[in-house]
Every structure is written in C-alpha cells, then in structure tokens.
Q: 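Have a look at the structure that comes next, please.
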Amino acid sequence: MPWEPALSRNTQPHDEDTQELERKTYFSPSRFYCVETICAPCGAVIAWTKFDKAESPTKILQFLEEVYPTEESRPAYICIDKACLVLRSSIANKSWDMWKQTSRFVVDSYHYLNHRTTDRLCRKWCNPAPMDGSAPNLVLVAQDNQGRLYYKRAFNTQACEQLNAWLGGFESILKRMTPSNFNWFLHVMLFYHTRYVIEQQKQKQKQKKSRNSESGESGDDDDSEDDM
C-alpha cells in the first residue's frame with residue numbers, strides 16, 4: 001500500500017554472495033524475499049517455494065534436495081543463475097559428493113554473459129554451452145535449410161527466467177495478498193500455466209509428426225534455444 005515502507009533489496013551480481021535482507025526497526029508487515037521455481041526446459045513448473053531473507057546457495061541446495069531426494073529423480077543438468085556459487089557451496093558443505101554422481105550445475109545462458117570471465121570454476125564447470133566438447137549433451141550440431149552445419153543449445157536454459165517474466169504481471173496483485181491467499185493464487189496460476197505448456201507441447205509433437213510424415217525427415221528439438 002502507498003503508506004507502507006518500501007522493501008529494501010540488495011542488488012548484486014548473480015556470481016557474488018547474497019547478503020541477507022536487513023530489517024528496519026519500525027513496525028511493518030514481514031515480506032518474503034522471493035519465489036523460487038524449478039522448471040523443465042519446456043516451461044512446465046516442477047516445484048516452487050518461498051525464500052524469506054535471501055536467495056542463498058545453501059537455501060537453493062536445500063530446496064533441490066527436497067525436490068530431488070533420490071539419485072533416480074535428479075536431472076543431469078540443473079540451470080541456475082548463480083550456479084557457480086551453488087557449486088562452491090556444495091563443495092564446501094560436502095553435498096557435492098552426492099550431486100556429482102548424477103548432476104551438473106550450469107548457469108543459464110542469459111545470466112552467463114554477466115559472470116566474470118576471470119572465474120575459472122564458472123567458465124570451466126558452469127558453462128551452458130562449452131565448445132570444447134566437454135559437454136556434448138548441451139551443444140548439438142544441426143543443419144539449416146541450405147545444408148550448412150551450425151551449433152545450437154540442446155535445450156532451453158532460460159525457462160525459469162521466462163516464467164518469472166510471466167509472473168511479473170501478477171506482482172501488483174500478489175504483494176497485497178495475505179500469505180494464505182498468496183500461496184493459493186500462485187499455486188493455481190502455476191498449475192494452469194503448466195497445464196497450458198503441456199498442451200502446447202502435445203500440439204507441437206502432433207505438428208512435428210505430421211510434417212515428418214510428409215517430408216520423411218526428422219525435425220529438430222522444439223525445446224532447444226536459438227542458434228549459437
């Protein structure tokens with residue numbers, strides 16, 4: 001509301017440690033720091049939660065462990081805007097011994113451009129599209145209509161960022177809700193969003209099969225990102 005004090009945030013690069021939010025001494029209703037989501041490359045929402053004071057790597061790891069409790073459930077790649085910080089925290093608290101068996105943390109292609117080029121750990125282990133052949137599952141070789149070969153990312157690493165942009169349209173409504181109404185509204189909107197995404201994927205698969213049956217060729221993956 002207009003008379004409520006503005007929420008103070010610390011704007012930091014995604015490859016620097018996050019400081020916890022400082023609370024003021026005057027009386028005001030508490031607010032959560034952010035909503036954290038996990039999405040499939042197609043955009044379907046897998047899980048979401050709220051972080052109260054900061055989006056710290058430790059909280060991100062705890063959230064991932066809650067959503068993926070077993071080795072069989074963990075994805076091969078986990079794209080996070082601050083993947084290099086999460087990797088460092090995972091190594092420091094020994095949870096990397098568990099994660100390295102199944103998964104690799106990579107920075108999404110949108111935020112990777114803003115990470116420091118001098119960070120060797122980030123550049124070597126968190127690169128979303130390494131061209132040295134170290135991660136062949138992240139980069140594909142495709143062929144254009146003229147028969148020329150080009151590189152493309154194997155899947156969309158910006159699904160969560162695209163979801164955040166969509167959720168931003170509801171910010172003015174959500175920030176005036178009670179916690180229970182906030183949880184219900186957000187969960188319902190994410191549910192309908194996921195159902196819409198799944199339906200869109202089904203339609204794409206039908207169209208692809210129809211085109212392939214007419215041309216006798218196999219098409220590229222629709223969940224891949226733009227050319228490199």
Q: Assess the residue pair Y33 and D52 against the criterion (side chain to side chain contact (heavy atoms under 4.5 Å, CB included)); give the C-alpha distance rounded to whole Å, side-chain angles, the decisive distance to 0.1 Å, and a yes or no.
A: CA-CA 5 Å; Y33 181 82; D52 53 355; over 6 Å; no
Q: Would R123 and R120 count as a side chain to side chain contact (heavy atoms under 4.5 Å, CB included) if you check the C-alpha gap in whole Å, the side-chain angles of each, and the deciding distance to 0.1 Å?
A: CA-CA 5 Å; R123 293 288 154 173; R120 295 185 61 184; 5.7 Å; no
Q: How long is the span from the OG1 atom in T157 to the NE2 atom in H111, to the nearest 0.5 Å?
A: 10.5 Å
Q: Is there a side-chain contact between M98 and R74 (heavy atoms, below 4.5 Å)?
A: yes
Q: Enter the distance from I60:CD1 to S90:OG here, rounded to the nearest 0.5 Å.
A: 11.5 Å
Q: Could you grab the distance from atom CG of L149 to atom OH of Y151, nearest 0.5 Å is fine?
A: 8.5 Å
Q: Does any pair with a residue in residues 37-49 pass side-chain hydrogen bond (donor to acceptor under 3.5 Å, both in side chains), and if so which ones, sequence neighbours excluded?
A: W48-H187
Q: Measure the spacing between OH of Y112 and CG of D81 and express it to the nearest 0.5 Å.
A: 14.5 Å
Q: How are the rings of W99 and Y68 set relative to one another: parallel (under 30°), tilted (30 to 60°) or perpendicular (over 60°)?
A: perpendicular
Q: For the side chain to side chain contact (heavy atoms under 4.5 Å, CB included) test, which of I80, V45, L64 pairs with I38?
A: L64
Q: Please round to the nearest 0.5 Å and tell me the distance separating atom CG of L140 and atom OH of Y150.
A: 9.5 Å
Q: A side-chain contact here means heavy atoms from C-beta on lying under 4.5 Å apart; do C126 and L87 qualify?
A: yes
Q: If you measure only the distance, is there a donor-acceptor pair under 3.5 Å linking the side chains of E199 and Q203?
A: yes
Q: Hey, any chance L85 and L113 share a hydrophobic cluster, counting ILVMFWY side chains that come within less than 4.5 Å of each other, even indirectly?
A: no
Q: Would you call the rings of F105 and W96 parallel, tilted or perpendicular, taking 30° and 60° as the class edges?
A: tilted
Q: Linking I/L/V/M/F/W/Y whenever their side-chain heavy atoms sit closer than 4.5 Å, directly or via other members, would M177 and M189 fall into one cluster?
A: yes
Q: Taking all atoms of both residues into account, what is the closest heavy-atom pair of P75 and S103, and its distance?
A: O-OG, 2.6 Å
Q: Within a 6.0 Å radius of atom NZ on K124, are there more than 12 heavy atoms belonging to other residues, nucleotides or ligands?
A: no
Q: Quick test of your reading of the model: are E36 and K59 salt-bridged, counting only N-O distances below 4.0 Å?
A: no
Q: Determine, stepwise, if the pair S89 / L61 fulfils side chain to side chain contact (heavy atoms under 4.5 Å, CB included).
A: CA-CA 9 Å; S89 297; L61 285 170; 4.1 Å; yes
Q: I'd like to know whether CH2 of W166 has more than 12 heavy-atom contacts from other residues, nucleotides or ligands below 6.0 angstrom.
A: yes
Q: Is there a path from F182 to F170 through hydrophobic residues (I, L, V, M, F, W, Y) whose side chains come within less than 4.5 Å of each other?
A: yes
Q: Which heavy atom of N93 sits nearest a heavy atom of S95, and at what distance?
A: OD1-OG, 2.7 Å
Q: Does one hydrophobic cluster hold both L121 and V106, with members joined at side-chain heavy-atom distances below 4.5 Å?
A: no
Q: Can you tell me how far apart NE2 (H193) and CG (L163) are? Round to the nearest 0.5 Å.
A: 5.0 Å
Q: Counting only heavy atoms not in F185, do more than 12 sit closer than 6.0 Å to its CZ atom?
A: yes
Q: Of all heavy-atom pairs between N137 and A154, which one has the smallest distance, and what is that distance?
A: O-CB, 3.1 Å
Q: Would you say V35 ends up clustered with V67 if hydrophobic residues are merged whenever their side chains have heavy atoms under 4.5 Å apart, either directly or through other cluster members?
A: no
